[in-house]
Amino acid sequence: MKVMKYVGLSVLTLILLFGFIFTLSIVLNKNDKLKYEDMDAVDKKMFEQLSSLFADDMELSSKLIVARSNGFVFRGGTYCFNIDFYKKNFLFGWTQAIFATEILLPDELNLPSVYRISAFTPGTFEIFFNSRGTMKLGEDEVSFFDYNDNGINGGSFLNEIKPFFNKTI
């Protein structure tokens with residue numbers, strides 16, 4: 001009898017802990033660093049470097065692209081580009097309202113619409129466990145990659161992702 005009570009409390013504790021992490025992730029995603037000026041240097045540099053990539057290849061403006069920092073749940077650094085182009089299948093309606101937040105970027109970056117998405121966005125879990133690749137989301141193909149301080153500041157970021165885009169996008 002005591003074992004059942006212990007197991008029940010353990011399960012309840014795990015459920016409450018997951019619920020807390022889930023809620024905290026969504027709240028931080030919706031309220032932290034919504035403007036370019038408030039972002040850390042690595043995120044800013046990633047946007048600047050991607051801006052040059054988008055300027056060189058106009059076809060990227062019609063592709064769904066996700067860039068993820070190494071920070072996972074609480075870092076808040078998973079950005080989705082071109083959601084407006086793909087609203088028919090991706091993050092539309094209640095999903096977008098809960099799990100995505102539009103990021104305000106300066107016009108001079110010339111980037112398409114950018115949203116930060118939560119680690120708990122339905123259908124995107126593969127993005128959070130792989131460094132780069134493509135996946136199907138509804139009818140659309142999503143290309144994703146990760147970035148970190150070493151790649152961004154070391155100058156290897158664009159060199160690492162350009163061949164990836166040439167193969168998959």
Side-chain angles (χ1 to χ4, degrees), residues 19-149 151-152 157-158 161 164-165 168-169:
F20 175 75
I21 291 171
F22 180 83
T23 303
L24 184 61
S25 171
I26 290 172
V27 168
L28 288 175
N29 188 56
K30 288 288 190 186
N31 296 299
D32 189 36
K33 301 176 186 171
L34 301 179
K35 296 180 183 172
Y36 179 80
E37 298 80 28
D38 300 334
M39 294 181 180
D40 61 29
V42 174
D43 287 347
K44 286 180 180 180
K45 202 157 188 181
M46 182 271 302
F47 284 120
E48 291 166 9
Q49 291 182 19
L50 277 182
S51 176
S52 69
L53 187 64
F54 272 87
D56 292 343
D57 187 351
M58 295 311 291
E59 250 187 67
L60 292 179
S61 295
S62 64
K63 308 296 181 186
L64 192 55
I65 301 168
V66 175
R68 177 185 62 87
S69 71
N70 287 343
F72 194 60
V73 178
F74 296 114
R75 170 77 170 51
T78 302
Y79 301 98
C80 188
F81 297 82
N82 296 322
I83 286 183
D84 289 339
F85 187 78
Y86 280 90
K87 276 191 174 175
K88 64 185 188 305
N89 292 320
F90 184 71
L91 291 178
F92 189 65
W94 70 270
T95 310
Q96 183 176 349
I98 295 171
F99 297 104
T101 302
E102 186 169 15
I103 302 299
L104 304 174
L105 298 174
D107 291 337
E108 58 268 9
L109 286 179
N110 292 320
L111 287 169
S113 59
V114 177
Y115 284 74
R116 185 174 51 226
I117 60 174
S118 167
F120 297 105
T121 304
T124 62
F125 295 113
E126 182 178 339
I127 292 169
F128 292 93
F129 296 106
N130 294 296
S131 62
R132 60 179 52 112
T134 58
M135 64 178 275
K136 281 295 242 186
L137 192 59
E139 298 173 10
D140 303 317
E141 186 170 276
V142 180
S143 297
F144 60 92
F145 57 89
D146 65 352
Y147 65 95
N148 58 39
D149 186 32
I152 294 289
F157 173 67
L158 285 180
I161 67 169
F164 166 74
F165 283 136
T168 60
I169 293 184

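All figures in this text were calculated on a predicted structure; none of them were measured in a lab.
In this structure, OH in Tyr147 is found 7.0 Å from OG1 in Thr78, a value given to the nearest 0.5 Å. Between the CG atom of Asp38 and the NZ atom of Lys44 there is a distance of 8.0 Å, given to the nearest 0.5 Å. For the atom pair CD (Glu48) and CG (Leu105), the distance works out to 10.5 Å, reported to the nearest 0.5 Å. Considering OH of Tyr79 and CG of Leu50, their distance stands at 11.5 Å, rounded to 0.5 Å. How far OG of Ser51 is from CG of Leu111: 4.5 Å, rounded to the nearest 0.5 Å. From Leu53, atom CG reaches atom CD1 of Ile65 across 7.5 Å, with rounding to the nearest 0.5 Å.
Applying the side chain to side chain contact (heavy atoms under 4.5 Å, CB included) test to Ser52 and every residue at least two apart in sequence or in another chain returns Leu158.
A side chain to side chain contact (heavy atoms under 4.5 Å, CB included) with Cys80 holds for exactly one of Ile103, Val114, Val66; it is Val66.
At least one side-chain heavy atom of Met39 sits under 4.5 Å from a side-chain heavy atom of Phe47. Taking the side chain as every heavy atom from C-beta outward, Leu104 and Glu37 never approach each other to under 4.5 Å.
Here the shortest heavy-atom pairing between Asn31 and Val27 reads ND2-O, 2.9 Å. Across Thr101 and Lys30, no two heavy atoms sit closer than the pair OG1-CD, 3.1 Å.
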